[in-house]
Amino acid sequence: MILPRDFYTREDVVGIARELLGKKLCTTIGGETAYALISETEAYEGVTDKASHAYGGRRTARTEIMYRQGGTAYVYLCYGIHSLFNIVTNQSGIPHAVLIRGIIPEDNNLALEKRSGMQISEKAGTGPGNVSRLLRIHYRHTGLDLCIPEYQREDGDVIWLEDAGIVIPDKDIIVTTRVGIDYAGEDALLPYRFIWKRR
DNA sequence: CGAATGATATACT
DNA sequence: GTATATCATTCGA
């Protein structure tokens with residue numbers, strides 16, 4: 001039930017961001033496995049998107065990851081404190097990505113939630129910084145391949161996504177503008193943010 | 001509301 | 001090589 005490569009390599013980042021809602025995000029970090037359902041995403045449309053790190057085709061040591069093929073993890077540090085987890089999409093050479101902004105922890109993961117120092121509540125997975133904190137994702141995990149959930153690193157850490165078989169009707173999804181990107185000018189107005197509104 | 005916080009990009013010497 | 005402005009944020013008043 002692991003999401004196949006061709007789920008990520010399609011051209012429509014915004015569509016992928018929409019479909020990512022309700023999928024299961026799993027990590028095994030430091031020998032401990034955690035997972036949660038994705039409840040909020042944002043699409044970043046690479047070269048044509050001022051909010052993207054790769055706007056205008058910029059290539060640096062950090063953004064190089066975004067030019068890889070879809071299904072690659074792009075994790076980077078923001079505001080000196082938070083690791084933000086993104087999923088690279090499209091073919092290699094096209095720097096599209098989807099930012100995971102929110103997750104819903106499942107009941108059998110409450111222990112892990114507790115261990116990561118979070119309050120146990122529905123809101124525990126809200127906010128991109130908290131997503132990484134809950135699942136113990138660190139910016140050193142950038143570049144991991146999400147389609148090959150086998151050991152790719154010496155420390156044995158892995159990240160992958162599974163299809164949980166959840167279908168979310170359009171009426172349960174809120175589409176809105178992205179946040180925290182005022183500097184992106186008119187691109188800040190694009191409806192690239194998807195929120196799974198639970199009951 | 002405002003401070004904390006550090007890697008990164010960019011512009012210098 | 002070093003300096004400094006910047007940031008896809010969070011938490012606690």
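Chain letters run A, B, ... following the sequence lines, proteins first and then strands; every chain starts at 1.
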>> Please enumerate all residues that pass side chain to side chain donor-acceptor pair (under 3.5 Å) together with A:Asp145, with sequence neighbours excluded.
In response: A:Arg5

Which nucleotide in the set [options] lies at the smallest distance from any side-chain heavy atom of [X]?
X	options	value
A:Tyr139	C:dC7, B:dT10, B:dA7	B:dA7
A:Arg58	B:dT10, C:dT9, C:dT10	B:dT10
A:Ile81	B:dA4, C:dT10, B:dA9	B:dA4

To the nearest angstrom, how far is [X] atom [atom1] from [N] atom [atom2]?
X	N	atom1	atom2	answer
A:Phe85	C:dT10	CZ	P	16 Å
A:Tyr76	C:dT9	OH	C1'	9 Å
A:His82	B:dT5	NE2	C1'	8 Å
A:Tyr79	C:dA5	OH	P	17 Å
A:Glu64	B:dA7	CD	P	21 Å
A:Glu42	C:dC7	CD	P	16 Å
A:Leu77	C:dT6	CG	C1'	13 Å
A:Asp182	C:dC7	CG	P	10 Å

>> Applying side chain to side chain contact (heavy atoms under 4.5 Å, CB included), can you list everything that pairs with A:Leu77, at least two apart in sequence or on another chain?
In response: A:Ser83, A:Tyr139

> With distance as the sole test, does A:Thr27 use its side chain to make a donor-acceptor pair with the main-chain N or O of A:Ile29 at under 3.5 Å?
Replying inline: no

> Does the A:His138 side chain pair with the main chain of A:Arg140, one donor and one acceptor, at a distance under 3.5 Å?
Replying inline: yes

> If two hydrophobic side chains count as joined below 4.5 Å and joins carry through other members, does A:Leu37 share a cluster with A:Trp160?
Replying inline: no

>> Under 4.0 Å from OP1 or OP2 of C:dT9: is there any side-chain N or O of A:Arg101 that close?
In response: yes

>> So, does A:Arg62 get its side chain near the phosphate of B:dG6, meaning an N or O under 4.0 Å from OP1 or OP2?
In response: no

> Given pairs defined as Watson-Crick or G-U wobble with both distances under 3.5 Å, what dot-bracket annotation applies to DNA chain C, with ( ) intrastrand, [ ] crossing, | other strand and . unpaired?
Replying inline: |||||||.||||.

>> Do A:Glu19 and A:Arg10 make a side-chain contact, defined as non-hydrogen atoms from C-beta onward lying under 4.5 Å apart?
In response: yes

> Does the pair A:Tyr76 and A:His53 meet the rule for a ring-ring contact (aromatic ring centres under 6.0 Å, His included), with working shown?
Replying inline: CA-CA 11 Å; A:Tyr76 79 96; A:His53 290 155; 4.6 Å; yes

